[in-house]
> 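Could you have a look at this structure, given as structure tokens, before my questions?
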Amino acid sequence: MERRIQEIGAKISEDYAGKEIHLICVLKGGSYFMCELSKRITVPVTLDFMSVSSYGSDTKSSGVVKIVKDLDDSIKDKNVLVVEDIVDSGRTLNYLLEMLRKREPASVKLCTLLDKPSRRVVDVEVNYTGFEIPDEFVVGYGLDYDQKYRNLPYIGIVHPDK
């Protein structure tokens with residue numbers, strides 16, 4: 001995992017050479033990935049955090065997006081990179097990205113540690129992907145099941161029905 005995060009950081013640094021990048025972490029799961037990723041980006045970085053929910057205590061996205069914590073600062077004219085733990089159905093990210101674009105940033109891109117394209121119901125462009133995974137419910141490295149297992153130092157599959 002560390003090698004892949006280093007590779008993503010190098011690619012982001014190359015793509016944003018000569019520019020500053022504003023990372024927006026989608027809490028809570030994205031925090032583990034963003035901390036590691038930001039340390040590997042060599043261009044100037046600023047950070048902000050947003051909390052968006054569509055799961056509750058279930059394992060499938062409800063499709064209802066709720067902004068729990070909005071950004072602290074304006075993103076107008078900034079090069080924004082949204083950092084997420086996992087892209088699943090795409091509903092939440094689609095809503096979030098559209099909302100952010102209305103705030104007039106210079107650019108908006110998406111970086112995710114994990115991508116589940118087989119679950120996509122809304123087309124979302126993922127610009128930087130750590131790993132593509134099958135349709136399993138995963139935990140660890142920031143990902144949770146009902147707020148549990150985030151602190152696992154690896155990513156594992158949960159079968160809540162077993």
> Within a strict 4.5 Å, meaning less than it, do heavy atoms of the Leu113 and Met1 side chains meet?
yes
> Distance check, rounded to the nearest 0.5 Å: Ile41 atom CD1 versus Leu81 atom CG?
6.5 Å
> Which pair of heavy atoms, one from Ile12 and one from Cys111, lies closest together, and at what distance?
CD1-SG, 4.3 Å
> Between Glu7 and Lys11, does any side-chain N to carboxylate O distance fall below 4.0 Å?
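Salt bridge absent between Glu7 and Lys11.
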> State, with a plain yes or no, whether a side-chain heavy atom of Tyr149 is found less than 4.5 Å away from one of Leu143.
no
> Do Phe49 and Met34 come within less than 4.5 Å of each other through their side chains, counting heavy atoms only?
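Result yes, sub-4.5 Å side-chain heavy-atom pair found.
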> I'd like to know whether Leu110 forms a side-chain contact (heavy atoms from CB on, under 4.5 Å) with Leu97, so could you lay out the CA-CA distance, the side-chain angles of the two residues, the decisive distance to 0.1 Å, and finally the verdict.
CA-CA 8 Å; Leu110 174 61; Leu97 294 170; 4.3 Å; yes
> About how many Å separate CG of Leu152 and NZ of Lys148, when rounded to the nearest 0.5 Å?
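Those atoms lie 12.5 Å apart.
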> Please check: side-chain N/O of Arg40 versus main-chain N/O of Ser13, any donor-acceptor pairing under 3.5 Å?
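No.
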> Taking the side chain as every heavy atom from C-beta outward, state whether Ile155 and Leu114 have any atom pair closer than 4.5 Å.
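Yes, their side chains come closer than 4.5 Å.
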> What do you reckon, is CD of Glu98 surrounded by more than 12 foreign heavy atoms closer than 6.0 Å?
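More than 12 heavy atoms, drawn from other residues, nucleotides or ligands, come within 6.0 Å of this atom.
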> Can you list the steps and then say if Arg103 with Leu71 is a side-chain contact (heavy atoms from CB on, under 4.5 Å)?
CA-CA 11 Å; Arg103 297 180 185 190; Leu71 300 174; 3.6 Å; yes
> Closest heavy-atom contact between Lys116 and Ile86?
CE-CD1, 3.6 Å
> To the nearest 0.5 Å, what is the distance between OG1 on Thr129 and CD on Glu84?
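Interatomic distance, Thr129 OG1 to Glu84 CD, rounded to 0.5 Å: 12.0 Å.
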> Quick one: does Arg120's side chain get under 4.5 Å of Asp115's, heavy atoms only?
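Side-chain contact under 4.5 Å: yes.
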> Keeping Ser31 on the side-chain end and Leu27 on the backbone end, is there a donor-acceptor pair under 3.5 Å?
no
> Compare all side-chain heavy atoms of Lys109 with those of Glu125 and state whether any distance is below 4.5 angstrom.
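In short, these two side chains do not touch, never coming nearer than 4.5 Å.
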> With a 4.5 Å heavy-atom cut-off, do Cys25 and Phe33 have their side chains touching?
no
> Quick one: pull up CG in Leu47 and CD1 in Ile21 and give me the separation to the nearest 0.5 Å.
10.5 Å
> Apply side-chain contact (heavy atoms from CB on, under 4.5 Å) to the pair Glu136 and His159, showing each step before the final yes or no.
CA-CA 8 Å; Glu136 298 281 357; His159 297 283; 3.7 Å; yes
> Any chain of hydrophobic side-chain contacts (each under 4.5 Å) joining Ile24 to Val68?
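Result: no, two separate clusters.
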> May I ask you to test the Thr112-Leu93 pair for a side-chain heavy-atom distance under 4.5 Å?
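No, side chains not in contact.
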> Should the heavy atoms of other residues, nucleotides or ligands under 6.0 Å from NZ of Lys69 be counted, would the total exceed 12?
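Above 12, so yes.
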> Within this structure, what is the CD-OG1 distance for the pair Glu14 and Thr42, rounded to the nearest 0.5 Å?
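If we round to the nearest 0.5 Å, Glu14:CD and Thr42:OG1 are 10.0 Å apart.
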> Taking the six-membered ring for Trp, are Tyr141 and Tyr32 parallel (under 30°), tilted (30 to 60°) or perpendicular (over 60°)?
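Tyr141 and Tyr32: tilted rings.
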> Taking atom types as modelled and ignoring hydrogens, do the side chains of Asp15 and Tyr128 form a donor-acceptor contact shorter than 3.5 angstrom?
yes
> Taking side chain to side chain contact (heavy atoms under 4.5 Å, CB included) as the criterion, tell me which of Leu96, Val80, Ile75, Val108 meets it with Arg101.
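So the option named by the test is Val108.
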> Compare every heavy atom of Ser107 with every heavy atom of Asn79, then report the nearest pair and how far apart it is.
OD1-OG, 2.9 Å
> Check the surroundings of atom CG in Asp72: do more than 12 heavy atoms from other residues, nucleotides or ligands lie under 6.0 Å from it?
yes
> Show, in sequence, the C-alpha distance, side-chain angles and deciding distance for Asp135 and Ser118, and conclude whether the side-chain hydrogen bond (donor to acceptor under 3.5 Å, both in side chains) test is met.
CA-CA 7 Å; Asp135 184 15; Ser118 65; 5.0 Å; no
> Testing the basics here: between Lys78 and Pro105, what is the closest heavy-atom pair and its distance to 0.1 Å?
O-CB, 3.3 Å
> Identify the two heavy atoms, one from Leu23 and one from Ser38, that lie closest to each other, and give their separation to 0.1 Å.
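Closest approach of Leu23 to Ser38, heavy atoms only: CD1-CB, 3.8 Å.
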> For the backbone of Arg91 and the side chain of Ser89, can you confirm whether one donor and one acceptor N or O come within less than 3.5 Å of each other?
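Checked: pair present.
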> Quick one: do His22 and Asp48 satisfy side-chain contact (heavy atoms from CB on, under 4.5 Å)? Show the steps, please.
CA-CA 8 Å; His22 188 69; Asp48 207 341; 3.6 Å; yes
